[in-house]
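Down below is the structure, laid out as structure tokens.
These numbers come from the heavy atoms of this one structure, side chains and all, not from hydrogens, waters or symmetry mates. Residue numbers begin at 1 in each chain, while the letters A, B, ... track the order of the sequences.
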Amino acid sequence: MCYYSSMDYNARVLEQELRKPWKIKQDTMYQQSFLAAANGYNYGVKLPAVTIQDQAIELMEWSLYPGMPPDIAKKVRNGTYNCRSEEATQKKSFKGPINKGQFCLIPSSWILEFHTIPKKITGDKKDLKIPFRITNKEGFFAIPGLWNPYKNEQGEIVRSFTMLTKHGGEVFSKIHNAPRFSRDCRQVVMFGREYWDAWLDDKFLWDDRLELIEEGVIKDEELVFHPVRHPNKIRNINIPEMKEDYREYEGIDKIQYPELLDSFPNTL
DNA sequence: CCAGACGTTGTT
DNA sequence: GTCTGG
DNA sequence: CCAGACGTTGTT
DNA sequence: GTCTGG
């Protein structure tokens with residue numbers, strides 16, 4: 001999954017339209033935008049998130065650092081950028097944060113998922129990977145997550161987080177059709193404005209939260225998705241000087257792919 | 001009990 | 001073509 | 001995921 | 001560090 005967040009836009013929405021002005025811990029990030037990708041070899045990217053404890057936007061590291069000795073934690077962290085919500089309480093890396101109520105919310109403008117058209121069909125040498133921009137009608141939502149602190153090599157306490165996923169709905173399953181190993185198609189949980197307060201309310205225990213996820217995840221009918229130009233570089237997004245390069249993706253445009261006519265007739 | 005795992009996804 | 005390593 | 005390798009022997 | 005599997 002690729003994730004995108006534009007903080008200046010996000011903060012404007014929060015303050016003016018939603019009347020939910022979270023404090024912003026580092027004002028330097030107010031004007032930043034973020035485009036980040038998750039995989040097992042790229043973690044620690046700093047993204048804006050709100051913890052239930054502080055109720056303020058701050059930069060935290062994407063991919064949860066579990067409470068284990070550093071040599072082990074670093075390895076496990078390769079796979080903690082997401083957390084399967086249905087199984088979270090059974091996982092050593094996540095049950096601690098859950099029991100301590102370390103929930104967070106990650107504001108976002110859109111995410112990308114890739115649709116694969118096999119080379120068999122295109123007749124090409126490689127599969128065709130078409131990125132879809134996915135968001136809600138408001139163009140602004142938030143992803144529920146868990147967070148955990150750790151002490152980095154400089155001895156500083158750093159906060160890290162994971163984004164929760166659930167079984168993928170129809171839209172996600174259709175777009176995200178890459179061949180998989182044995183498991184189901186997943187989607188990152190997206191909450192519209194009306195579920196943010198509940199997620200950041202400490203009266204809800206984990207079982208309540210599982211229900212919140214099922215009930216609050218943005219429905220397919222509320223999703224807006226369309227194919228877009230292929231972003232050729234996403235890696236290293238957290239390098240500050242690359243910020244300008246990514247700004248161009250803020251208005252990432254819908255484009256036509258003739259190859260999609262068979263799989264997405266009339267829906268785009 | 002001890003040994004071994006600890007995680008998720010599948011463009012970046 | 002298929003597996004491994006990053 | 002993609003990029004890059006695509007191997008053996010002797011020894012643990 | 002803590003849990004799971006054998």
Please work out if A/T165 contacts a base, only the sugar-phosphate, or nothing of the nucleic acid, heavy-atom cut-off 4.0 Å.
sugar-phosphate
What nucleotide among E/dG1, E/dT4, B/dG7 has an atom nearest to a side-chain atom of A/P69?
E/dG1
Establish, with yes or no, whether the OP1 or OP2 oxygen of B/dG7 is under 4.0 angstrom from a side-chain nitrogen or oxygen of A/S93.
yes
Can you tell me, in whole Å, how much space there is between the C1' of B/dT12 and that of D/dC1?
8 Å
Phosphate OP1/OP2 of E/dT4 contacted by A/K91 side-chain N/O (<4.0 Å)
no
Among B/dC6, B/dT12, B/dT8, find the nucleotide with the atom closest to the side chain of A/F114.
B/dT12
Pairwise C1' distance for D/dA5 and B/dA5, with rounding to whole Å
29 Å
Which nucleotide in the list B/dT8, E/dC3, B/dT9 gets nearest to the side chain of A/R186?
B/dT9
Keeping the roles fixed (side chain from A/W206, backbone from A/N99), state whether a donor-acceptor pair exists under 3.5 Å.
no
Rounded to whole Å, the CD1-P distance (A/I130 to B/dT12) equals 16 Å
Hey, does the side chain of A/K129 come within less than 4.0 Å of D/dC2's phosphate (OP1/OP2), counting only N and O?
yes
Nearest-angstrom distance, P atom, E/dG6 to B/dG7:
16 Å
Approximate separation, where rounding is to 0.5 Å, of A/F141 CZ and A/I218 CD1:
6.5 Å
What heavy-atom pair brings A/P107 and A/P48 nearest, and what distance separates the two atoms?
CD-O, 3.4 Å
A/L164 CG to B/dT9 P: how many Å, rounded?
11 Å
d(CG, A/N99; C1', E/dC3) in whole Å:
13 Å
Atom CD of A/E113 and atom C1' of B/dT12 are separated, to the nearest Å, by 13 Å
Shortest non-hydrogen separation from A/D220 to A/V171 and the atoms involved
OD2-N, 3.1 Å
Roughly how many Å apart are C/dT4 and D/dT8, using the P atom of each and rounding to a whole number?
14 Å
How close or far is atom C1' of B/dT9 from atom CG of A/L64, stated in whole angstroms?
16 Å
Between A/K92 (NZ) and B/dG7 (P), how many Å, whole number?
6 Å
Selection from E/dT4, B/dG7, E/dG1 that lies nearest to any side-chain heavy atom of A/N78:
B/dG7
Base partner of D/dT8, which must satisfy Watson-Crick or wobble distances under 3.5 Å
none
Do A/W199 side-chain atoms and A/C104 backbone N/O form a donor-acceptor pair below 3.5 Å?
yes
To the nearest Å, give me how far apart NZ (A/K75) and P (C/dG6) are.
13 Å
Do any N or O atoms from the side chain of A/S160 and from the backbone of A/W62 form a donor-acceptor pair under 3.5 angstrom?
no
Output the rounded distance in Å from NZ (A/K151) to P (E/dG1).
13 Å
From the set B/dC6, B/dT8, E/dC3, return the single nucleotide nearest to any side-chain atom of A/R84.
B/dT8
With a 3.5 angstrom cut-off on both distances, give the Watson-Crick or G-U wobble partner of B/dA3, or none if there isn't one.
E/dT4
